[in-house]
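Following: one structure in structure tokens, then a few remarks.
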Amino acid sequence: MRSIQRGVITLAALVLVVVLTACSSDAETSSGGKLQVTATTGMIADVAREVGGAYVDVTGLMGPGVDPHLYKASQGDIRKLEQAKVIFYNGLHLEGKMTDILEKMSSSKLVTAVTETIPVEELHSGKDTGGTEYDPHVWFNVSHWMHAAEAVRDTLVEADPDHAEEYKAQAETYLAKLEALDAEVREKILEIPEASRVLVTAHDAFGYFGQAYGMKVMGLQGISTAAEYGAKDVSELRDYLVDNHIKAVFVESSVPAKAMEAIIAGAAQKGHTVNIGGELFSDAMGAEGTEEGTYIGMIRHNVETIVEALK
């Protein structure tokens, strides 16, 4: 009798494993057999859609206006990650505490940090940023984002070799667009008088942009919005604006504007008028279905806003 019971239990366990495996497989290849991909940020999700095309079904976790530095994964997010066959994330600590979850999942599925192929010497180190980590905002240097697109391509090829040639061709098309965008940004920034090429924002997200395209960049907070700022930071930035006759600062879609408004008010008390030059997309893109809801559209919006305010 005990032998029969053990046999029944063993059989039930085997059935459960088969069912779970089938469910996982179904989740990873649902939506008409497409490769299931989950990406953390909107910028990464956009690259995955461009490179993956009709062969992938991409789910993005962080939508418009979401600050990835402070983001906490929900149970729904964990489900989306578990159901994906491929996961893309930024890396360089952009996703904060989510990084631990993503690294654990890498033992059972393809998990790629899209920044991992950027040469270390091209990253802003802690020494450059006043912290101990690398600056994660690599997407603001379009040539860096080309490395990210290549990392997405190579991962999709590994995950779905049957469509390898399609992924390679789609990546080549997208990389050509990014190369043209990089040249476009350089040309547009030249419309700003050299003395006025100063970009002031709420947090230091645009360091790679400044280095790549010849602008001085200043942020009230550090590279992470989790960093705190004090009265000294506000007064020093205010005084810089006044002393250097900077006429515009910029707010960010994913960061409250309160701090920048305080600096503007402080400058006014010293007799210098500073305007809000517009809203920039920093850690999140625009709404889905809009031009700014794509990586290329987001970069163009930012550049046009900056140039219009400072030229």
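Note on residues 149-200: pairs passing ring pair (Phe, Tyr, Trp, His ring centres under 6.0 Å), not counting sequence neighbours, are Tyr55-His163. The stretch residues 284-304 participates, sequence neighbours left out, in these ring pair (Phe, Tyr, Trp, His ring centres under 6.0 Å) pairs: Trp145-Tyr295, Phe281-His301. Within the structure, ring pair (Phe, Tyr, Trp, His ring centres under 6.0 Å) contacts touching residues 87-113 (residues at least two apart or in different chains) do not occur.
With values rounded to the nearest 0.5 angstrom, Tyr134 atom OH is found 11.0 Å from Thr115 atom OG1. Atoms OG1 and CE, on Thr117 and Met146 in that order, are 11.5 Å from each other to the nearest 0.5 Å. To the nearest 0.5 Å, atom CD of residue Gln170 and atom CG of residue Leu156 are 9.5 Å apart. Note that the OG1 atom of Thr40 and the OH atom of Tyr71 stand 9.5 Å from one another [nearest 0.5 Å]. With rounding to the nearest 0.5 Å, the separation of CG in Asp243 from NE2 in His272 is 9.5 Å. Distance check: Glu172 CD to Leu175 CG gives 8.0 Å after rounding to the nearest 0.5 Å.
Closest of all the heavy-atom pairs between Val56 and Ala48 is CG2-O, 3.8 Å. Minimum heavy-atom separation, Ser253 to Glu279: CA-OE2, 3.5 Å. Between Ile87 and Leu81 the shortest heavy-atom distance is CD1-O, 3.6 Å. Here the shortest heavy-atom pairing between Ala73 and Met98 reads CB-CG, 3.9 Å. When every heavy atom of Ser143 is checked against every heavy atom of Asp182, the shortest pair comes out as N-OD1, 4.2 Å. Across Gly277 and Thr305, no two heavy atoms sit closer than the pair O-CG2, 3.6 Å.
You'll find the side chain of Lys270 reaches within 4.5 Å of the side chain of Asp239, heavy atoms only. Using a 4.5 Å cut-off on side-chain heavy atoms (C-beta onward), Pro119 and His147 make contact. Phe206 places a side-chain heavy atom less than 4.5 Å from the side chain of Leu280. The shortest distance between side-chain heavy atoms of Val114 and Val152 falls below 4.5 Å. Between Arg197 and Leu310, the closest side-chain pair of non-hydrogen atoms is not below 4.5 Å. Using a 4.5 Å heavy-atom cutoff, the side chains of His69 and Pro136 are in contact. Within the 4.5 Å cutoff, no side-chain heavy atoms of Arg238 are placed close to those of Gln269. Here the side chains of Ile101 and Met105 are in contact, with some heavy-atom distance below 4.5 Å.
With hydrogens and angles ignored, the 3.5 Å screen pairs a side-chain donor or acceptor of Arg49 with a backbone N or O of Val58. The main-chain N or O of Gln83 is never found under 3.5 Å from a side-chain atom of Gln36 such that the two would form a donor-acceptor pair. In terms of modelled atom types and a separation under 3.5 Å, the side chain of Ser106 and the main chain of Val111 share no donor-acceptor contact. Under the 3.5 Å distance criterion, the side-chain polar atoms of Glu95 are matched with a main-chain donor or acceptor of Asn90.
By the side-chain contact (heavy atoms from CB on, under 4.5 Å) test, Glu116 pairs with Thr112, Ala113, sequence neighbours left out. The ring pair (Phe, Tyr, Trp, His ring centres under 6.0 Å) check on His144 picks up Tyr208, with sequence neighbours excluded. Checked against salt bridge (Lys or Arg N to Asp or Glu O under 4.0 Å), Lys188 has the following partners two or more places apart in sequence or in another chain: Glu191. Applying the side-chain contact (heavy atoms from CB on, under 4.5 Å) test to Ala212 and every residue at least two apart in sequence or in another chain returns Asn141. For the side chain to side chain donor-acceptor pair (under 3.5 Å) test, no residue two or more places apart in sequence or in another chain qualifies with Arg79. Not a single side-chain contact (heavy atoms from CB on, under 4.5 Å) links Lys247 to another residue, sequence neighbours left out. Scored by the ring pair (Phe, Tyr, Trp, His ring centres under 6.0 Å) test, Tyr213 finds Phe209 as partners (sequence neighbours excluded). By the side-chain contact (heavy atoms from CB on, under 4.5 Å) test, Lys97 pairs with no residue at all, sequence neighbours left out.
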Only distances under 3.5 Å count here; give the side-chain donor-acceptor pairs of residues 259-267 to other protein atoms, sequence neighbours excluded, each with its distance to 0.1 Å.
none

(request) List the steps, then state whether side chain to side chain contact (heavy atoms under 4.5 Å, CB included) holds for Met218 with Ile246. (result) CA-CA 12 Å; Met218 303 185 73; Ile246 304 301; over 6 Å; no

(request) Determine, step by step, whether Ile306 and Ile192 satisfy the side chain to side chain contact (heavy atoms under 4.5 Å, CB included) criterion, reporting the C-alpha distance in whole Å, the side-chain angles of both residues, the deciding distance to 0.1 Å, and the verdict. (result) CA-CA 9 Å; Ile306 293 166; Ile192 305 172; 4.0 Å; yes

(request) List the steps, then state whether side chain to side chain contact (heavy atoms under 4.5 Å, CB included) holds for Lys85 with Asp160. (result) CA-CA 10 Å; Lys85 183 172 183 180; Asp160 182 20; over 6 Å; no

(message) Show, in sequence, the C-alpha distance, side-chain angles and deciding distance for Glu184 and Ile296, and conclude whether the side chain to side chain contact (heavy atoms under 4.5 Å, CB included) test is met.
(response) CA-CA 11 Å; Glu184 178 185 325; Ile296 290 176; over 6 Å; no

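A salt bridge does not link Asp100 to Lys104: none of the charged side-chain nitrogens sits closer than 4.0 Å to a carboxylate oxygen.
At a threshold of 4.5 Å between side-chain heavy atoms, the hydrophobic network of Ile, Leu, Val, Met, Phe, Trp and Tyr places Leu123 and Trp139 in one connected group. Under the 4.5 Å side-chain heavy-atom criterion for ILVMFWY residues, a single connected hydrophobic cluster contains both Val142 and Val307. The same ILVMFWY cluster, assembled from side-chain heavy atoms under 4.5 Å apart, contains both Ile276 and Val234. A continuous path of Ile, Leu, Val, Met, Phe, Trp and Tyr side chains, each step under 4.5 Å between heavy atoms, connects Leu61 with Ile78, placing both in one hydrophobic cluster.
The environment of Glu236 atom CD is dense: over 12 non-hydrogen atoms of other residues, nucleotides or ligands sit within 6.0 angstrom. The local environment of CD in Glu122 is crowded, with over 12 non-hydrogen atoms from other residues, nucleotides or ligands closer than 6.0 Å.
For the 3.5 Å distance criterion, the side chains of His137 and Asp283 qualify, holding a donor opposite an acceptor.
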